[in-house]
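Let me begin by presenting the structure, written as C-alpha cells, before commenting on it.
Here is the naming used below: chain letters follow the sequence lines, and residue numbers restart at 1 for every chain.
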Amino acid sequence: MTTEGGSEAEVKKEPEKSPEEQQEEQQSDPSESAPNAGTEPQPAPDNQENVEAEPAEAEPASPDPTSTPSPSGQKKEKGISRFLPPWLKRQKSHSQAEPKDSPAPSDTPTQPPTQEEVGTGQEEEGTRGEGTAVQSPGATQEVESREEEPEEEAVKAENSVIGTETQPVKEEKEGDLEEEVQQQEEQKGEEQADSAGVSPLKVGKKMKLVVCHVTLLDGSQFPCEVEKRAKGQYLFSKVCEHLNLLEKDYFGLSFKDNADQKCWLDPTKEIKRQIRNSQWQFAFNVKFYPPDPSQLMEDITRYLLCLQLRQDISSGRLPCSFVTHALLGSYTLQAELGDHDPDEHRLDYISDFQFAPTQTKELEVKVAELHKSHKGMTPAQADIQFLENAKKLSMYGVDLHHAKDSEGVDIMLGVCANGLLIYKDRLRINRFAWPKILKISYKRCNFYIKIRPGEAEQFESTVGFKLPNHRAAKRVWKVCVEHHTFFRLTSPEQPAKSKFLTLGSKFRYSGRTQAQTRQASALIHRPPPYFQRTSSKRSSRSLDGAPAVSVSDHAHLLDSAHTLGAGDNGRDSALELSSDSKSPQVEEGAEPGEGAASAVPAEPALERKLRVQGENIYVRHSNLMLEDLDKTQEEVLKHQASISELKRSFMEAAPEPRANQWDKRLTGSPATSLRQLAQGSTEDEQSSGLNGQLEVVEVVEETVVIEEVIKAARSKNSISEGPAADATATERAPEAKDERSASSDSESEEEAEYHPQLSVSTDSAHLIREDPEEEEQEVELNRDTTPTNQEQHPIREDVTAEPASAAVQREEQTVAQQHEEEESGDKVLVIPDKAPNGHSHDRETPPTLCTEEEEPCVVNGDTSHVDGERAPQVICCSEPPVVKTEMVTISDTFAAQKTEITTKEVPIVHTETKTITYEAAQQDGNGDGEPGVLMTAHTITSESLCTTTTTHITKTLKGGLSETRIEKRIVITGDSDIDHDEALAQAIKEAKEQHPDMSVTRVVVHKETELADEDE
Amino acid sequence: MASVCPYGAFTHAIVRGIPESFGKPAEGGEAIETDMARAQRQFGVLMGALRQKVGLQLMEIPADAEFPESWRIEDVAVIQGDTALITRPFKEQRRAEAEALRQVLSELNMNVVEMGVEEGGSGGATLEGSDVLFTGKEFFVGISKHTNHRGAEVLADTFRDFAVSTVPVCGGSRLKNICSMGGPETIIFSNSEGAKKTLRMMEQLTDNHYDVLSVPETVAANCVYVRSPAKVDFLLHPTVDECPDSIAVFQKLPDYTLLPTACSEASKLGGALSSFCLLINRKFNYF
C-alpha cells in the first residue's frame, strides 16, 4: 500500500492545497461573523479533505489489514486533530474510513473489536442521521476514545494536553444524535479556546469572543473574532494567514492607547490586558523595516512593505524630496497600473493616488513623466525599485519618539536597525550604534542608555532622556530592546524566567530575529502566492472613486538571487530538495506545554543555585564586555564588513558545498557514526545538540556572528568527541540556565534594564574563553547562529543528525530519524535508542514534545519504513517528584507497524512529558535498497518567540532513485498560556506549505509541561 | 533615492572671478597681505584644470569688485542633484553675492531654494557652503562661526532624502578647511587634533562607511575630487610648496590623476580650492 498510498497522497496534495488556501482566505471573512469563526478555517478544510479522501482511500484501506490506532492513540489523535494540518487529518480520516467500510473487526491487536464496532456504528449513525458526513468522523472518534478509556480521560485532563474533560460524561448519557451535535459544538468550542491561545488547562470555561478590527496596509478592514483572553500572537497569526504572509516577522499589530499613542501589541500577552480600555482596533504594520528589502524572499512581503512605505510617505512620516516623491510615485503607478497607457491614462488618473503629504500638480506631472519611462516593468520589479530607492531615505525605518535631553531641549529619539539616533528638529545630532550601547534602561519617565567608553575615555557614560511620561519611556525602551534583538542578535534573549528578582519588566523581544527570519524564509518553498495589488488610493483615504486597478503579479525576480535573504517567519524551513526527492520526512517537535517552562524544567533547587551563579557570571560578563568590547567605530565597521562578507560567501555558496561540508563532518566524527552502526538503529545519536538548543538559544543572545566563525574550528573538535557529548549535555543545560537567568536583571515595571552588550559586534570569543562552561555552549551556539555562516561551522546537531540518517539509510528504510528531543535543557540528554519500526513502538520518555512527520519513500516498491525512536533517557538531577510521561503513537498506517505504547514513568521533576507519534501509512517492507547515501543534511534552527524549528534533510540514493527526507523539529516554547496546539498546527501548516511536493509521514509530539510552578 | 549616486560625478562647475577688491577686508576686518595678480593666476590655473583636464563645463560669473569675497562662491549655495539652496552667509554684505548666481542656476534648470525667504529672514539662520560636506550619501554641517543650527535645519529641510548631521568644527574655521571629499567613499581629513575631534563625531554620526585619508597638513585637507564621465578620478590638491608632507599621501590613492593646483593666496584669506567652485551634476537622472 505504501506505494499506492504514497502516490495517492501526493496526487491529492496538489489539489488540496490550492483550495485549502483559498478557503482559508475566503473563510476568514465569513468566519468572523460566526461565533466559531476564529477556528473555522482549519477544521473546515480538513473536513473537506476528509470527504475527498475517504472514497479514494477506502479501497486500498480495506484490503490492507492494518492496525487501527489504539484507543489511546485515537484519543490523542482527536486532540491532535485540532492542530494537525489537513493533510494529516486526511490520513486520519482514511484510517477511520477503513473500519467504516469494512465493519469487520479490525486486525488490530490493541483494539478490542467490540469497541471499534461501537465506534463505527456510531459513526454511521451520525452520518445518516445528521447528514453531516463531514463532521462526523471527528466526532465519532472522540466518542470512541472516550468510551474506551474513561480512565485515560482523567490522565489526560491532568496532563492537560487536551482538555476534553467534561465531555465524556455528557456524551455517554445522551443519544447518538445529540451526542454528535453536542460533540461538534464542544469540539468547536474547544478548538476555539485552544486556538485562542488559552492554555489547555483553562479550556473548560466558556470563553467570550470579541471581534477585533484590523486595518490592513491596503486600508481594508479585517475583522477577526478572538477569544477575549486571546494573546496577541493569535490575532497576528490570523491576520498573516489572511494575508497569506509567511515572512511575517517584520510585521506587527499596533493599536492606539488611551493617550492616542501607537503601541505594539505584544504577541505573548493577552490582548485585552494590553489595550486596556481602548477599542479592539488594530493596525497591521511593518514593525522592523528590513534594511535590504531585496533580501526578502517573497514578492508579497515586499508588496506589503511598499504599502507601508507609501503610507509613511504620504503621511509625511518618511520625508523625502520632490524628486524622490516623484520617482517613488512613478513606481507605485507602474506596480499598480502597469505600463503607462496614453489612451487610458489621462493626466488625472494620477490624482487618485497620493504620493506626498502635499501633492502638487507639478509633482503629478513629474510622476506621470517618470511612469512612462518604466514601460515593461512588472509590478514586482516596480516594487523592488520602489524599495531600493525608499530604503536609502535617511528616515527609512526610523521610529521617532519625542523626548527632551538633559537640558530640557526638545529632541527626537529615533530607533532604527543600527541603533539609536538623536535628532533635533531634522538634524541628526547624535547617534549611538547598538555596539556602542551597553545598557538600555528606563526609570519613571526617564530613558537611559549607557555608552561604552570611546578610545580616549576610561569610563562608560550614561545618557539620559526625559520622555513625556512613564509609558512613553517604557515604550521607547521596549522598541529599543526589540530592535536591538531583531537586528543585532542571532536569536532572541529569553525573558527572565527567574522569579528571583522580579521587580522589573521582564520584557524581551521573543520573536524571531532578522537572522532567523532570513534563514527561515530562505527555506520558503511555495509557489509565489497570488495576491492583488490594490490601488494605493486606498491608503490615501482622501481620494475616492478612482478606478481600482489591480495588477497581479507573478514575477519573481529575486528568488533565485537571494538565497538567504528573505526574512520570514516561516517557521518552516524548507531546504532545497534535490530533484527527485519525493519523500521528505518532516519531523517536528513541539512543546505544547510551555516551552519556556520546559526549558527551565526540573529541579527548582538546583536551578536557584544556578541562577545565583548566573548572576555572578553575568556580572563578569559585563565586565568583560567593558574591557573587550570597546572597539572603535572602525573596528566595528570592520567586523561588520567581515560579517557581511561571510554572509555573502554563504549566500553565494551553492548547495553542493554544503553537502561537502556535511560529508566532511561526517567523516570527521567517526565516533558517532560508528556508534550508530553498532546500534544499527535509526536514530540520532546524541541529541546533545537539541538539548543545548533550547537553552542555548536563549543564552545565545550573546553569540556573536563573528564569534561563530571563530568557533567553527572549535566546534569541530567538540564534535569529534561525539560520545562525550552526552555527558556534557547534562552539564550544559544548567549552564545555559545560568546564563539565561543571569541576563535577566531585576527590573521593575517602573524601571527596567536591558543589556544589549552581548551583541554581534561583541567579541564573545573572549567571553567564552573566560568561561570554560561557555565553551561548551558555544558549540551549540554555533548551531544556533547558523544563519549567517552555516557552512563555516559544523553544527553539532547536524553532525549527529547526519550520521543518524546515514544509518537509517543504510537500513534502507525510509526512515525518519528521530532527533532526540532534548529540548528541555535541563532534563537532559536523550539517549537514543531505536526501535525498529517493524513494530513501531515508540517508547519514549522524552521530555519534550516532538512531532515527526515522515514520508515514506515511495520510490522503491520496497520501501520499508522503519522508525526508530530513541527513547531519550532522562537524567534527573535532583528531586524527581512528579513527572508523568506519556507516549502515544498514533498511526494510521496500514502497515503492521503501528504500535503505540503508553508509558508512564516517573522521572523528572515537575515535568510532564508526552510523546505523540503520528505516522502515515507505510508498508513494512524491509528495505532492500542499497545503503542510502547521505547527500545533504542540513540543520537549521531558529527560534521565535515560541517555536524552534530544526530541519534535517537527508537525501538517499536508492537504486538510482533518490529520496529526500526532511525532518523537522519544532520546539514550541512558551508560557502556560500559549496555545501550543495552535502553534503546532501553524507550524505544520507552514511546513506543509513550504514543501508542497512532499507529504507528511509522521508527526511525533512530545509535550513537556512544568506542572507546579507554572500553574500558579 | 532618486538623486543618490556616488559622489564626484560632476558635469558642471560654477566659478566666479577674482575681483580687484580681492583681499580687502569686507567690512572692518584687518587687511591681509595678498598678491592679487598671483591669486588671479592661480584661479586661472584652477579653471584650466577643471575645464581642460577634468573636462567639466565651466560657467564663470564675472568678478564684481563690490563683493571682495565673491570668489568664494562655494559659500553662497549648496547644490545637490537638481536642487540648489541659496544660503544665508554669516556676513550680511555677502548675501547679495548670490544674485548673479541665481541666474546661472536657473539657466541650468536648477530648482532653486532660497534660504533667506523662510520665515522672513529664516529666523537668524546662517549657513555657508564651506561648512557643508556632502558625501554623496549624507550631509555634514559644521557648526561654526558662520553656520548655525537653524541654518542646518533649513538645509535638512531642503534635502530631505538625506541625513543631515551637525558636527562641531574644530581645528579650522570652516568644516571644509579640515576635510573634503577625496573619492566616492573617501574623506580627506586633516591630522590636527581638532580635526580628529570633528572626525570622531562624524564617525559616530554616520551609518555609512568612509575611508579616511589623513593628511599631515591642514591645508591639504581641502581638495576637489571629480570623477569624470570617462570614469577617471581626478583630485585637485594643493601643491608641493603648500603641503610638502601630504603629497605622498595623495600619491597613494590608486589610479588617481593628481592635479596639483596652487591656491596659496586664497589660503591666506581662509579660502581653499573648493571655495572657488560649485560643482554640479546636471546629468543626474532618476535611476
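- Put simply, the side chain of B:Arg160 does not reach to within 4.5 Å of the side chain of A:Met395, judged on heavy atoms.
- Distance check, rounded to the nearest 0.5 Å: NZ of B:Lys137 to OG of A:Ser394 gives 14.5 Å.
- Other residues, nucleotides and ligands contribute over 12 non-hydrogen atoms within 6.0 Å of the OH atom of B:Tyr256.
- Under the side chain to side chain donor-acceptor pair (under 3.5 Å) criterion, B:Ser192 pairs with B:Ser190, not counting sequence neighbours.
- Rounding to the nearest 0.5 Å places CG of A:Leu427 at 7.0 Å from CD1 of B:Ile143.
- Once rounded to the nearest 0.5 Å, the distance linking CG of A:Asn418 with CG of B:Asp207 reads 5.0 Å.
- Looking at A:Asp425, only its side chain comes within 4.5 Å of chain B, counting heavy atoms on both sides.
- Within the model, atoms CZ of A:Arg431 and CE of B:Met201 stand 11.0 Å from one another, a figure rounded to the nearest 0.5 Å.
- Within 6.0 Å of NZ in A:Lys391 there are more than 12 heavy atoms belonging to other residues, nucleotides or ligands.
- Under a 3.5 Å cut-off, the side chain of A:Arg428 and the backbone N or O of B:Leu205 do form a donor-acceptor pair.
- Here OG1 of B:Thr166 is found 15.0 Å from CZ of A:Arg426. Values are rounded to the nearest 0.5 Å.
- The side chain to side chain donor-acceptor pair (under 3.5 Å) check on A:Asp312 picks up A:Tyr289, A:Gln308, A:Arg317, with sequence neighbours excluded.
- Counting heavy atoms from C-beta outward, B:Gln204 and A:Phe432 have side chains that approach closer than 4.5 Å.
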